[in-house]
Each structure stands twice: as structure tokens, then as C-alpha cells.
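If you're wondering where the values come from, they're calculated on a predicted model, not measured in any experiment. Throughout, protein chains are lettered first and strands after them, A, B, ... in sequence-line order, and every chain is numbered starting at 1.
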Amino acid sequence: MGKFWSFLFGITMVACVGLFVAAPFVGWWMVEPHSLHASRVDNLFYIILVVTGIFFILTEGVLVALMWAYRGTPDLKAGDIHKGELPGFIRPLANVFNTPHKIEIAWTLVPAAILLYLGMAQISTWADIKYLSRMEKQIKDGESPIVCDVSARQFEWRVRYPNSARLKEMQTIKANAGKRDWEKFSPHYDDVHVVNEVHAVKNKPVLVHLSTRDVIHSFNLPHMRVKQDALPGKMIPVWFTPISSNVDKEGKELPGKIWELPCAELCGWGHVRMVGRLYVHETMDDYQAWLAGVEKQQRNGTSPPQAVAANQ
Amino acid sequence: MSVSPSTAPAHAHHEPGFLGKYVFSQDHKIIGIQFLFTSLIFLGIGGILALLVRIKLAWPMAEIPILRDYFPDNAGVISDTAYNMFFTMHATIMIFFVIIPFLTGAFGNYCIPLMIGADDMAFPKLNMLSYWFMWPAIGFAVAGFFVPGGHAGAGWTSYPTLASGSLGVGQGIESPAFPGSGWGQFCWLMAALLVGVSSMMGSVNYITTIINMRAPGMTLFRMPMTIWAMFITAILQAFALPVLTVALVFQLMDKTMGSTFFLPPSGLDFGNYHSGPGGGQPLLWQHLFWFYSHPAVYIMILPAMGIVSDILSTFARRPLFGYRAMIYSIAGIAGLGFIVWGHHMFQSGMDPRLGTGFMVATIMIALPSAVKTFNWLGTLFRGNLQFTTPMLFSLGFVSLFIIGGLSGIFMAATPVDIKIHDTYFIVAHIHYVLFTSSLFGIFAGIYYWFPKMFGRFMSDKWGKVHFFLTFVLGNFTFFPMHILGVAEMRRRISTPQGTILEGGLQNLNIFVSISAIALGLVQIIFLINFLGSIFFGKRCTERNPWKSNTLEWSAPTPPGHGNFDIPPVVYHGPYEYGNFEGKADDNLMQTEKAVGVLPSQTH
């Protein structure tokens with residue numbers, strides 16, 4: 001029976017590795033990265049995947065080999081010990097068990113070094129994505145980010161943008177002047193309101209002031225590798241820089257380029273349906289054209305069509 | 001005139017009646033078996049809830065005939081609210097009523113006095129009370145399904161303000177946030193509170209018993225790994241549980257007395273209802289909750305690791321590799337376990353600079369786990385592996401714990417966690433740790449100690465069938481969840497079609513659900529084997545059927561009141577398997593004097 005069980009364990013582990021290798025080819029894999037930091041996150045994912053994959057194959061391989069080589073007989077007698085033998089190619093590897101103290105030191109220090117490396121490798125990326133002090137690194141001289149105010153509630157995202165006039169004013173604030181006035185964006189009577197839509201411009205940082213009115217929600221843009229919980233009673237800044245666009249001149253999504261904004265933190269019975277959209281415009285002009293359109297509708301008293309679409 | 005109980009010999013007590021012997025028993029063995037049966041019943045309930053979750057995910061609009069009475073408006077289709085309730089209670093039951101009572105309640109109670117050579121626990125009455133405090137908890141946990149609004153549905157983590165949002169004093173307990181966050185959440189909080197009290201009593205008892213009641217010669221470094229694991233687990237519980245209790249009481253007060261521990265100063269808006277100003281912080285709950293619940297993850301795995309270490313050594317007929325390193329690893333995991341809780345909160349709005357510190361601590365906790373894995377492999381080297389059912393479950397544990405351990409590194413890494421946080425990757429990870437590891441350890445322990453408990457063997461043949469199917473179907477069920485998570489399926493969603501990306505994963509979800517249903521049905525084999533073997537299993541008359549070394553195998557089978565007929569004296573550690581001159585067997589029990597050099601000193 002020992003052979004059978006070793007075989008079962010072996011084949012299961014091969015299948016596990018196989019699924020991870022095959023999944024990207026059948027489309028069961030992560031979406032393409034479309035923000036400045038996204039590929040850095042993905043690279044770290046792949047580094048960990050490779051390191052854990054190697055450890056997985058190594059440890060499971062040794063386990064299966066040991067099970068195969070030392071499968072015992074059911075009737076126990078003294079002297080049956082050490083009867084089994086490992087296959088030749090793996091013997092040097094397993095012989096490490098013969099020198100307990102050396103090997104124990106080795107298998108403590110080597111993984112410790114690898115783990116420490118993995119930990120350290122994350123720090124700068126994490127800091128660039130989330131530390132407020134690093135946000136300016138993404139903002140070029142003489143530019144300011146697109147600022148918006150996202151207020152989550154059961155079960156939608158309410159977004160406010162400064163209108164065209166204020167936008168123009170904010171664009172003149174220089175990020176490197178030490179005065180980050182765009183950080184102080186606060187709701188204004190002439191803001192542009194949209195529901196479940198976040199608009200951005202290619203290669204231009206977006207700064208979202210995230211808050212929630214009721215329960216915890218999570219602002220989750222898979223294509224941008226952005227995820228941040230919205231916390232009641234707190235305003236949390238979130239920023240990212242899209243590096244490709246997904247809408248045409250009219251602001252319509254290109255085929256196959258619907259980028260969603262699903263809520264990632266359980267927020268009640270409608271959690272699954274709390275899904276917004278991200279629209280990344282090709283140029284600032286496109287963005288301003290869209291903004292002017294919504295502004296006009298708002299001023300003329302007709303509700304913006306986007307809000308209707310979002311409630312469908 | 002009365003005789004002081006401490007001077008009267010244990011056997012001199014008059015035989016208690018049926019109620020005293022099997023119901024209100026103070027005997028640690030009976031209490032252990034009571035915990036065992038209670039946990040088994042809840043394993044069934046939790047399993048059924050899991051299957052309802054999986055059915056909803058694969059076939060969101062399926063009408064389930066049995067549920068027609070429960071959801072009359074819905075023709076038996078599981079509503080979103082009910083779905084939230086099901087996964088919340090699945091997790092709650094599996095954690096608080098299955099895995100913790102199984103490991104610390106059932107095995108802790110049964111094994112600790114027997115394996116250290118004591119005649120009972122240090123505080124038998126407290127021990128009984130610890131079991132009977134489970135019942136009010138069970139009462140609340142079950143009653144919640146029948147209260148207005150249904151049971152709690154804010155996840156087993158019960159994050160405010162979804163769980164705590166309430167109408168305020170004098171306006172009833174109903175919650176504007178979620179139907180189940182009113183009476184259901186109240187029941188949930190009470191249930192968790194009472195389970196905590198029960199665990200606390202157990203933990204005090206275990207610590208005292210292990211420190212004070214070891215047999216002569218049983219030094220700390222001669223204790224089996226099961227005992228070491230139970231000891232450290234009990235310490236974890238003693239230090240972490242008060243924090244959970246505090247958090248639960250806070251939320252209970254927010255819910256019933258109008259306190260505002262988790263209500264922010266700005267208050268909350270639910271539609272037209274405004275809560276009024278608070279003075280608290282929703283994030284406070286997450287800190288308090290995870291300060292307990294992260295160590296709780298280790299409470300749920302360390303005893304299983306101990307059990308598996310003992311079983312591996314027994315059936316490999318080899319001394320446990322690196323006994324001391326194993327103990328230090330467990331202690332290391334437990335110690336580090338107290339400073340890693342923030343890794344559940346990387347995206348929560350906690351200061352991201354704190355996240356960096358928590359990340360490094362979390363990644364380093366993989367080290368003691370890795371050392372343990374290598375030691376288990378080393379134990380097999382040059383062994384004479386006996387593929388009995390407990391051994392298979394232990395090998396399965398090692399094999400699948402590796403997966404659960406390695407996948408943990410992904411979510412410990414803060415930037416990668418941005419991607420996989422709140423996705424099915426997390427669900428896969430937790431199930432590899434709790435199902436295919438903890439539960440495999442529990443199964444191994446049941447098959448292993450069953451002869452000692454009931455004087456009969458469980459069927460080895462059906463045990464192997466059970467293992468084979470559980471191993472295969474367990475992987476079928478849980479491994480694809482990694483892929484689902486990487487492909488952006490969020491967790492806690494009631495239909496996998498909320499987003500376009502999730503819609504593309506429907507086929508994989510159906511596959512997972514079918515595997516899960518099969519996995520659930522397979523457990524019937526175990527149930528029949530377990531219940532049938534109590535009455536009809538092959539009799540076990542010998543004391544030491546597995547030719548093991550630890551003290552419980554030197555007691556009669558099953559052990560009577562007071563456990564040992566010959567008071568045990570311990571001469572060496574528990575892992576002496578090998579060749580002994582002038583001895584036919586390859587094991588040397590802890591009560592046998594050693595002749596020559598011990599195997600553990602030569603390898």
C-alpha cells in the first residue's frame with residue numbers, strides 16, 4: 001500500500017503545480033496591470049510564487065520520496081529499521097538528515113535569510129503605494145493630481161469632482177512648492193456629482209479622498225492594483241497613476257476594457273452588487289470635455305445619464 | 001466526621017450513578033468524549049452551512065426544496081441576506097464550536113492527564129463547568145437562526161459598523177445596517193462570549209495540570225509534543241482571550257446600552273437615519289479582535305501539530321527528529337503570534353507604516369513553521385512507515401500544511417496583499433490551514449486514540465477510504481480557490497457574477513461546489529465508521545495496540561476512574577523507537593527502563 005499512497009501524494013502535488021501553470025493559459029489569472037505601481041506588485045507576486053514554488057516542489061518531493069523509500073511492512077519486528085533505501089539520485093539530498101545539528105542550523109538559517117529578503121523586498125513598493133509622504137514622487141513638477149471625493153454607502157460609490165473652473169485653478173498649484181493645496185480638496189457647492197464612476201486621465205495621478213457614510217467598504221480597482229478600506233469617521237487618501245486608457249473620445253469604454261470598481265469588504269446584503277466603473281481618458285482634454293458635459297447637465301437640471309446607467 | 005478528599009484514595013469513591021458518570025461527570029476522559037461528540041455534531045452543522053454557501057455560489061438561483069419553509073417568499077432560493085448568514089455562521093461554528101473544542105476540549109481533556117501520568121485534571125469541577133459553559137453558548141448560537149432578522153451576517157469577524165450599527169437606546173435592538181446585525185448579532189456576541197469563558201476555564205486547568213501533576217520522572221523535556229502543544233496553546237488562550245472578551249463586551253454594550261466604542265464621532269447615516277455622534281473608532285474592534293483571533297489561528301493549529309508529531313514518530317518507528325527544535329518552534333510561533341495581528345489589517349486604514357512592521361514579523365513566523373516541516377520530514381527518514389489511517393492523515397497534514405503555510409507568505413507581503421486581500425486566495429489559505437491541516441490532525445487523533453477511548457478499533461479499511469476521498473476531494477475543493485482569488489473573485493459574495501471578472505469564473509465555481517458536496521458526503525463514511533465502531537468495532541484488549549511509547553498506552557484500555565492501575569514512573573523521553581538488545585519490540589515505553597544507548601541519542 002505504501003507505493004499507492006506515495007503515488008497519490010505525488011500525483012496530487014503535480015496536479016497542484018499543473019493547475020498554477022495552466023491557469024494563465026485558460027484565462028483564470030490576474031488581469032493585466034494598468035497603473036504605475038501595478039507591475040511592481042505583480043513582480044513581487046511572481047517572486048514569491050517562484051520562491052514558494054521551489055520550496056513546495058522540494059519539500060513535497062522529499063516527502064513523497066521518503067514515503068516511497070521507507071514504506072514498511074505491517075508486521076513489526078525489531079531489526080526492520082533502516083531497511084528501506086532512497087533512490088540514488090535523491091540520496092545525497094536526504095543524507096542531510098544524518099547530521100542533525102548541521103542540518104538543523106542550515107535549514108533554519110537559509111529559510112530565515114530567504115524570508116528576510118522577501119520581507120525587505122516589499123518595503124519600498126509598499127511605501128510608494130501607501131505612505132502619504134511618498135505620494136509626491138508620482139507627481140511631476142508643475143502638475144497636480146486629479147482630485148476627487150469618494151463617499152461610499154450601501155451599496156454605491158458617490159463621487160464628487162471639482163468643476164471645470166476649480167479644476168483649472170487647481171492645475172496651477174505646483175506640487176513641489178511645498179504647498180499641497182490639492183490635498184485640502186473639500187466638497188464645494190458647485191461640485192460635479194456622479195455615482196459609481198471614477199474618471200481619470202492616462203499618466204496623471206489620481207488622488208481619491210475616500211470616506212464612507214455607514215459601514216466599512218473597500219475601494220478596489222483590480223486593474224490598478226488598488227485596494228483600500230473606507231472607514232467610518234475617517235478620510236483616507238488613495239492615489240494611483242493609470243498608465244493606459246480604456247475609453248474613447250466620447251468617454252465610451254473600448255471593447256473588452258471595462259474596468260470595474262467592486263467593493264471588496266463585506267458591507268451588507270448588497271455587497272456583491274456594489275460595483276462602480278473606472279474610466280481612464282486618453283488626454284486631459286477628453287477628461288475636461290466629459291467634465292463639462294456632466295456639469296452642463298447638472299446645471300440644466302437634468303440628471304446625469306451615468307447615474308441612471310449605474311442603477312440599472 | 002468527614003474524610004478530607006485529598007487523603008482518600010481515588011478508587012475509594014463510591015461509584016457515581018449514570019448522570020454523575022456520563023452527564024455531570026468530573027472525569028477528564030468523559031468530559032473529553034463529551035467535547036468530542038459535541039464538536040462532531042457541530043462539524044455536521046457547520047458542514048451543511050458550507051454546502052449551502054457552495055450551492056449558492058455555483059447555482060445562485062437554485063430553488064432548494066428543504067429551504068422552502070425557511071424562505072417562503074423566495075421559493076427556496078437562498079437570498080443574499082441568508083447567504084451572508086450562512087457563511088458567517090459556517091465560520092463561527094467551525095472555529096468556536098468545532099476546531100477549538102475538538103483540539104483543546106476533546107483531545108486536551110482526554111490526553112493531558114493520561115499523557116503526563118496524572119489521575120485527573122487539577123480542577124475536575126472547573127473542568128466540568130468548562131464543558132457545561134458550552135451549552136448556553138450553543139443555545140445562543142442555535143437560537144440566532146430563529147430570531148427576527150436571522151442570524152448574524154457580518155462575517156465571523158463581525159466588523160463594526162456593519163455588525164455594531166444600531167438604532168440607539170430605547171429604539172429596539174434592530175440594526176439599520178443589516179437584518180442579522182440586530183438580534184442575530186446579539187446571539188453571536190453572547191455565544192462567542194460564553195465559548196470564551198469555557199475556553200478560559202479549560203486553559204487555566206491545562207496549565208495547572210501540566211505544571212503540577214506530571215508523573216515522577218516526567219520532566220518538561222520528556223513530555224510528548226501533544227502535551228507541549230497543548231501547554232503553549234493554553235498559555236496563548238489565557239493571554240489572548242481576555243482581549244476578545246473585552247471587545248465582545250464593548251460591542252454588546254454598543255448594541256444594547258447605547259455606548260459608542262465603535263461609533264465614530266461623526267456618527268453614521270443609514271438612509272434617512274442618523275445615529276447621532278459617537279466617540280469611538282471602528283478600527284478599535286479590528287485591533288482587539290485580531291489580537292485574540294490571530295493567536296486563535298495558532299490555537300487551532302498547534303495542538304494538531306503536536307498530535308501529528310506524536311503519530312508520525314509512532315508509525316515511522318523513529319525518534320522524532322529535532323524534539324527540542326520542535327518545542328522551540330512552537331514557542332516561537334506562539335510568541336511571534338502576538339505581534340502579527342496587524343497583517344489582517346493592511347488595507348484597513350491602519351497607518352501603512354505599521355503595516356511594514358507587521359509584515360516583517362509575519363513573514364518571519366514562516367520560519368518556525370518551516371523548521372517544523374523539515375523536522376517531520378526528518379522523522380520519516382530511515383523509518384519503517386506503517387500506513388495506518390492515523391498515519392495517513394498525519395502525512396496528509398504535513399503535505400497540505402505546506403500549501404497552507406506557503407500561501408500565507410503571499411498575504412503577509414503587504415504590496416501583494418493589496419491584490420489578494422478579500423479574495424478567494426484568502427479563503428483557500430484559511431481552508432488549507434484549518435480544513436486540510438487542523439481537521440486532518442483531528443481525524444488522525446480520533447483514529448489514533450479511539451481504541452484507548454472506547455476499547456475498540458475503528459475500521460482501518462473504511463478509514464483509508466475516508467482518507468483517500470477526503471484527501472483528493474479536499475484538494476479539488478480548496479486548491480482551485482487559489483486560482484479564483486488570483487483571478488479576482490472577491491470573498492463573501494453571494495453570487496460569483498457581481499463583476500465581469502467573476503462572471504468568467506462560473507465553471508470553476510461549479511467544479512469547486514461539486515467537489516465540496518462530494519467532500520461533505522464522504523464524511524458520512526467517517527460518521528458511520530465512528531459510531532458503528534463504538535458498538536461493533538474490533539475489540540482492543542491490549543493496552544498498547546500501536547506499540548507506542550507515551551504514558552496513556554500504559555493505562556488499561558479503556559482507562560478506568562483514576563486512569564492508571566500502576567502509578568507510572570518515567571525514565572526517558574517519548575520517542576524511543578529502534579533496536580533494543582534483548583527486546584522483541586522496537587519501542588521502549590516511557591515507563592520502561594532503558595538498556596544501553598537510547599535511539600534518540602544515536603540518530
Legend entry - Donor-acceptor pair, side chain of B:Thr379 and main chain of B:Phe321, under 3.5 angstrom: yes

Legend entry - Segment of A:Trp126 engaging chain B (4.5 angstrom heavy-atom cut-off): both

Legend entry - Interface moiety of B:Phe374 toward chain A, non-hydrogen atoms closer than 4.5 Å: both

Legend entry - Winner by heavy-atom pair count (cut-off under 4.5 Å) against chain A, out of B:Ile493, B:Val486, B:Thr373, B:Leu268: B:Val486

Inset, instruction - For B:Leu380 and A:Leu63, run side chain to side chain contact (heavy atoms under 4.5 Å, CB included): C-alpha distance rounded to whole Å, both residues' side-chain angles, the deciding distance at 0.1 Å, then the answer. - result: CA-CA 8 Å; B:Leu380 303 180; A:Leu63 175 67; 3.5 Å; yes

Legend entry - Winner by heavy-atom pair count (cut-off under 4.5 Å) against chain B, out of A:Leu8, A:Leu44, A:Ile129: A:Leu8

Legend entry - Donor on one side chain, acceptor on other, B:Tyr328 and A:Thr108, under 3.5 Å: no

Legend entry - Contact origin within B:Phe476 toward chain A - heavy atom pairs under 4.5 Å: neither

Inset, instruction - With rounding to the nearest 0.5 Å, note down the distance linking NZ in B:Lys56 to OH in B:Tyr83. - result: 9.0 Å

Inset, instruction - Output the option from A:Gly233, A:Gly2, A:Ala23, A:Cys16 having the highest count of non-hydrogen pairs under 4.5 Å with chain B. - result: A:Cys16

Inset, instruction - Could you tell me which portion of A:Phe219 (side chain, backbone, both or neither) has an atom closer than 4.5 angstrom to a non-hydrogen atom of chain B? - result: neither

Inset, instruction - Under 4.5 Å, counting heavy-atom pairs only, tell me which of A:Thr52, A:Leu210, A:Ile258 racks up the most with chain B. - result: A:Thr52

Inset, instruction - Against chain A, label B:Pro282 side chain, backbone, both or neither, depending on which of its atoms sit under 4.5 Å from a heavy atom there. - result: side chain

Inset, instruction - Using non-hydrogen atoms and a 4.5 Å limit, figure out which bit of A:Thr59 sits close to chain B: side chain, backbone, both or neither. - result: both

Inset, instruction - Please determine which of A:Val238, A:Val208, A:Leu278 meets the side chain to side chain contact (heavy atoms under 4.5 Å, CB included) test together with A:Leu221. - result: A:Leu278

Legend entry - Which portion of B:Leu263 sits near chain A, non-hydrogen atoms under 4.5 angstrom: neither

Legend entry - A:Leu116 CG to A:Ile114 CD1 distance, which is reported to the nearest 0.5 Å: 11.0 Å

Inset, instruction - Could you look at B:Pro160 and say if it's the side chain, the backbone, both or neither that has a heavy atom under 4.5 Å from chain A? - result: backbone

Legend entry - Interface residue of largest heavy-atom contact number with chain A, from B:Gly153, B:Ser348, B:Ala413, under 4.5 Å: B:Ser348

Inset, instruction - Measure distances from B:Phe87 to the heavy atoms of chain A and classify the residue's part below 4.5 Å as side chain, backbone, both or neither. - result: side chain

Inset, instruction - Below 4.5 Å from any heavy atom of chain B, which atoms of A:Lys234 appear? Answer side chain, backbone, both or neither. - result: side chain

Legend entry - Portion of A:Val226 that has a non-hydrogen atom of chain B nearer than 4.5 angstrom: backbone

Legend entry - Nearest-0.5 Å distance, CE of residue B:Met411 to NZ of residue B:Lys419: 12.0 Å

Legend entry - Interatomic distance, A:His271 atom NE2 to B:Leu162 atom CG [nearest 0.5 angstrom]: 10.0 Å

Legend entry - Winner by heavy-atom pair count (cut-off under 4.5 Å) against chain A, out of B:Ser266, B:Gly349, B:Ala412, B:Gly485: B:Gly349

Inset, instruction - Drop me the distance from A:Tyr70's OH to B:Gln386's CD, to the nearest 0.5 angstrom. - result: 15.0 Å

Legend entry - Atom group of A:Leu115 that falls short of 4.5 Å from chain B, counting heavy atoms: both

Inset, instruction - Answer with side chain, backbone, both or neither: which region of B:Arg490 has an atom nearer than 4.5 Å to a non-hydrogen atom of chain A? - result: side chain

Legend entry - Interchain contact, B:Phe468 with chain A, by part (heavy-atom threshold 4.5 Å): both

Legend entry - Segment of A:His223 engaging chain B (4.5 angstrom heavy-atom cut-off): side chain

Inset, instruction - Mind telling me whether B:Tyr273 and B:Phe270 have parallel, tilted or perpendicular rings, with 30° and 60° as the class edges? - result: parallel

Legend entry - Pairwise distance CH2(A:Trp28) to CG(B:Leu484) - rounded to 0.5 angstrom: 8.5 Å

Inset, instruction - Name the member of A:Pro24, A:Pro111, A:Ala230, A:Pro222 that forms the most heavy-atom pairs with chain B at distances under 4.5 Å. - result: A:Pro222

Inset, instruction - Could you tell me which of B:Arg492, B:Met364, B:Arg353, B:Met345 has the largest number of non-hydrogen atom pairs under 4.5 Å with chain A? - result: B:Arg353

Legend entry - Crowding at CH2, A:Trp107 (>12 non-hydrogen neighbours, <6.0 Å): yes

Legend entry - Ring-ring centroid check B:Phe425 B:Phe410, cutoff 6.0 Å: yes

Legend entry - Contacting moiety of A:Leu49, where chain B heavy atoms sit under 4.5 Å: both

Legend entry - Contacting region of B:Asn375 [heavy-atom separation from chain A under 4.5 Å]: both

Legend entry - Top contributor to chain B contacts, counting heavy-atom pairs under 4.5 Å, from A:Ile123, A:Ile236, A:Asn220: A:Ile123

Inset, instruction - Flag the pair A:Arg134 and A:Asp128 as a salt bridge only when some basic side-chain nitrogen lies within less than 4.0 angstrom of an acidic carboxylate oxygen. - result: yes

Legend entry - Parallel, tilted or perpendicular, as decided by the 30° and 60° cut-offs, for the rings of A:Phe155 and A:Trp269: perpendicular

Inset, instruction - Verify side chain to side chain contact (heavy atoms under 4.5 Å, CB included) between A:Gln154 and A:Met274, making sure each step is shown before the conclusion. - result: CA-CA 8 Å; A:Gln154 289 175 327; A:Met274 183 167 172; over 6 Å; no

Legend entry - Contacting moiety of A:Met13, where chain B heavy atoms sit under 4.5 Å: side chain

Legend entry - B:Arg317, B:Lys547, B:Arg318 screened by salt bridge (Lys or Arg N to Asp or Glu O under 4.0 Å) with B:Asp586, the one that passes: B:Arg317

Legend entry - Salt-bridge criterion met for A:Arg225 and A:Asp42 (N-O under 4.0 Å): yes

Legend entry - Proximity breakdown for B:Asn475 and chain A, heavy-atom pairs closer than 4.5 Å: side chain

Legend entry - Intermediate values then yes/no, side chain to side chain contact (heavy atoms under 4.5 Å, CB included), B:Phe346 and B:Met359: CA-CA 9 Å; B:Phe346 287 152; B:Met359 169 184 70; 4.0 Å; yes

Legend entry - chain A contact via B:Thr161 - side chain, backbone, both or neither, heavy atoms under 4.5 Å: both

Legend entry - Close side-chain approach of A:Thr12 and B:Phe479, heavy atoms under 4.5 Å: no

Inset, instruction - With a 4.5 Å cut-off on heavy-atom pairs, point out which of A:Gly53, A:Ala127, A:Gly119 contacts chain B the most. - result: A:Gly119

Inset, instruction - Please say which of B:Tyr577, B:Phe387, B:Trp546 ends up in a ring-ring contact (aromatic ring centres under 6.0 Å, His included) with B:Phe315. - result: B:Trp546

Legend entry - Close contacts, residues 259-268 of chain A versus chain B, judged by heavy atoms under 4.5 Å: A:Glu260, A:Pro262, A:Cys263, A:Ala264, A:Glu265, A:Leu266, A:Cys267, A:Gly268

